[in-house]
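Whatever order the structure lists them in is the order used to number ligands and atoms, beginning at 1. Only a predicted model underlies this, so the values are computations on that prediction, with no experimental measurement involved. We're numbering straight along the sequence, starting at 1.
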Amino acid sequence: MKSEILVDVSRATAKAVGPEHGVTPREVQELEPRISEAHQKLQEERAQGKYGFWDLYKDEQTFASVKETAEAFLSKQIDNLVILGIGGSALGTKALATALKPPFYNLLSRRARKNKPRLFVMDNIDPTTFKAMMRICPPSKTIYNVISKSGETAETMAQLMIIVELIEKKLGKSEMKNHVVVTTNPRGAGAKPSLLHPVADTYSLHEFTVPLNVGGRFSVFSPVGMFPAALLGMDLNAFRQGCHAMDTKCQTPELLENPAYLCAAYQYIADVRKGKRISVMMPYADGLADVADWYRQLWAESLGKRFALDGTEVYAGQTPVKALGVTDQHSQIQLYREGPNDKIITVLEVQRFDVTLRIPNTLEHIPELEYLRNATMNKLLAAELTGTIDALKISQRPVIRIRLPRINEYFVAQLLYMLEVETAMAGRLYNVQTFDQPGVEEGKKIARQLMGADK
Ligand code: PA5
């Protein structure tokens with residue numbers, strides 16, 4: 001039997017950190033009918049196809065076409081993959097690449113990269129960074145995947161306009177189709193037309209679609225995340241299996257058996273009953289650092305809402321914060337232990353790293369280092385994790401512990417899928433519209449006006 005992801009909430013209970021800060025069995029019990037009701041509602045919405053993230057992994061045809069297209073582009077010996085996109089169009093790819101490609105991936109030789117391209121995720125419009133990318137990535141050796149669900153995001157469009165000019169100048173218009181792939185909303189079917197459609201038409205570009213019922217931050221298992229993943233040589237089948245395994249686990253309304261609902265319930269109670277207005281995610285693995293970044297957007301945009309579903313003003317949502325173990329032990333833990341007790345901390349733990357690194361028997365003349373000699377970095381990391389969560393317990397700070405057996409496609413998919421379901425459940429508990437982001441739209445509108453649009 002395959003080992004699975006484990007969720008341990010025991011350190012977020014009243015028994016562990018006291019009733020003022022930890023969740024009591026009674027509070028969980030009281031929430032259970034709401035969880036059952038929310039579960040019912042989510043299942044109904046899923047069956048109606050209202051929100052599509054649940055079933056993306058089942059779309060065999062799309063996965064096959066993503067793979068086939070990626071293979072065709074890879075056969076052209078491209079050196080660089082540049083993602084033009086922002087928010088949900090970029091963070092999933094970042095999370096997957098950091099987790100599943102080797103550290104310092106872009107610095108490896110082509111051979112060590114197994115003939116796969118380097119990755120540059122351009123999710124900002126800082127001109128210095130963009131220009132630097134243009135210098136590093138000659139268009140003749142680069143594929144640009146422009147990703148925008150709405151097909152109108154100013155940042156992404158500006159990036160694309162620069163790249164179009166570059167390709168036209170350096171390679172000629174006819175080469176555009178060999179270097180640019182579009183991922184955007186579907187044509188027709190009630191969708192607002194994407195500005196990327198006429199671009200794709202003009203240059204005969206390959207076009208992937210993001211289903212209409214899938215929001216940007218829930219789109220990692222659509223071509224938004226899967227096409228870059230395929231180009232980088234990730235195992236798409238293992239993603240699908242991981243999603244399937246977690247989906248199966250998340251079918252039950254039983255809190256103790258449903259890891260996503262369990263996390264949602266604890267985070268929700270911690271927020272509304274215990275004043276834990278901040279949700280920290282702290283992976284103890286560099287590979288999972290960008291999962292925390294991805295989660296930050298998911299949690300913030302989905303739950304940070306002014307209005308409840310019934311129109312009352314609620315100003316819901318915890319503030320998500322990302323941290324990294326052990327690095328941030330030397331930066332944040334002082335605050336987490338002794339500052340305001342307003343946080344619930346989710347620690348991500350990896351049971352087995354791919355590498356074991358022994359600390360050698362050197363510096364013998366320093367007896368104070370004896371405890372490190374002949375130990376491993378892995379053991380030190382594990383000890384620091386245990387030390388930190390034990391110390392947090394002493395300070396009565398609630399911690400949820402999520403343990404991945406390993407970092408690979410199967411378990412990373414499980415983790416991301418679980419966090420998506422957790423967010424969907426949390427949205428129901430807060431009684432907000434999880435899947436929109438009206439607060440983002442206003443700023444976009446003002447910026448567009450300042451740039452002279454809508455004249
Ligand atoms: O989750 C979301 O919907 C947003 O974060 C979007 O992904 C982000 O605003 C980018 O939008 P688009 O993909 O339409 O360019």
Side-chain angles (χ1 to χ4, degrees), residues 50-54 56 82-96 121-125 130 144-164 180-187 189-200 205 207-228 290-305 317 319-320 322 416-417 419-424 426-427 432-448 451 453:
K50 208 164 169 190
Y51 305 112
F53 77 92
W54 308 90
L56 286 171
V82 174
I83 304 296
L84 309 177
I86 196 164
S89 294
L91 290 166
T93 292
K94 272 189 169 177
L96 294 181
V121 179
M122 306 312 294
D123 60 351
N124 205 348
I125 43 168
F130 205 77
Y144 306 87
N145 185 193
V146 53
I147 309 176
S148 176
K149 163 92 198 282
S150 62
E152 62 177 18
T153 301
E155 295 89 335
T156 308
M157 294 304 135
Q159 294 177 337
L160 177 64
M161 287 159 85
I162 293 169
I163 293 305
V164 163
V180 181
V181 171
V182 161
T183 307
T184 192
N185 67 21
R187 294 173 187 240
K192 191 174 168 207
S194 162
L195 301 180
L196 292 175
H197 294 152
V199 180
L205 305 181
E207 188 177 324
F208 285 114
T209 54
V210 195
L212 212 50
N213 58 2
V214 176
R217 57 193 175 277
F218 287 87
S219 66
V220 61
F221 297 113
S222 78
V224 170
M226 293 297 98
F227 180 57
D290 287 330
V291 168
D293 210 12
W294 173 86
Y295 161 80
R296 189 171 63 145
Q297 186 215 12
L298 186 70
W299 204 245
E301 274 195 0
S302 302
L303 306 178
K305 298 289 153 68
T319 300
K322 59 171 181 165
L416 299 188
Y417 195 92
L419 294 170
E420 288 180 341
V421 178
E422 177 188 344
T423 306
V432 294
Q433 174 45 271
T434 312
F435 301 96
D436 69 3
Q437 56 284 329
V440 184
E441 309 304 337
E442 192 68 26
K444 281 188 183 177
K445 210 168 113 191
I446 297 170
R448 275 168 52 81
M451 288 293 287

Atom indices of ligand 1, in the order listed, that fall short of 4.0 Å to a heavy atom of [X]:
X: Gln437; value: 3 (O)
X: Glu301; value: 1 (O), 2 (C), 4 (C), 5 (O)
X: Thr153; value: 11 (O), 12 (P), 14 (O), 15 (O)
X: Ile86; value: 7 (O), 8 (C), 10 (C)
X: Ser150; value: 12 (P), 14 (O), 15 (O)
X: Gly216; value: 1 (O), 2 (C), 3 (O), 7 (O)

Please list, chain by chain and in numerical order, all residues satisfying side-chain contact (heavy atoms from CB on, under 4.5 Å) with Glu207, sequence neighbours excluded. Val182, Thr184, Arg187, His197, Ala200

Under the side-chain contact (heavy atoms from CB on, under 4.5 Å) rule, what do Glu420 and Val220 come out as? Steps first, then yes or no, please. CA-CA 10 Å; Glu420 288 180 341; Val220 61; 3.7 Å; yes

For [X] and [Y], work out which heavy atoms get closest and say how close.
X: Ser194; Y: Asn185; result: CB-OD1, 3.4 Å
X: Asp436; Y: Arg217; result: O-NH2, 2.9 Å
X: Val214; Y: Gly52; result: CG2-C, 3.6 Å

Considering distance alone, does some N or O of Gly88 sit under 3.5 Å from an N or O of ligand 1? yes

Could you tell me whether some N/O pair between Thr156 and ligand 1 is separated by less than 3.5 angstrom? no

Indicate yes or no: does Asp290 engage Lys94 in a salt bridge with an N to O separation below 4.0 Å. no

Protein heavy atom at shortest distance from [atom]:
atom: atom 9 (O) of ligand 1; result: Lys444 NZ, 3.5 Å
atom: atom 1 (O) of ligand 1; result: Arg217 N, 2.9 Å
atom: atom 5 (O) of ligand 1; result: Gln297 NE2, 2.5 Å

Please determine whether side-chain contact (heavy atoms from CB on, under 4.5 Å) holds for the pair Phe218 and Leu298, giving the CA-CA distance in whole Å, both sets of side-chain angles, and the decisive distance to 0.1 Å. CA-CA 8 Å; Phe218 287 87; Leu298 186 70; 3.7 Å; yes

Where's the contact between Glu152 and ligand 1, heavy-atom distance under 4.0 Å: side chain, backbone, both or neither? neither

Ring pair (Phe, Tyr, Trp, His ring centres under 6.0 Å) against Trp294, all qualifying residues, sequence neighbours excluded: none

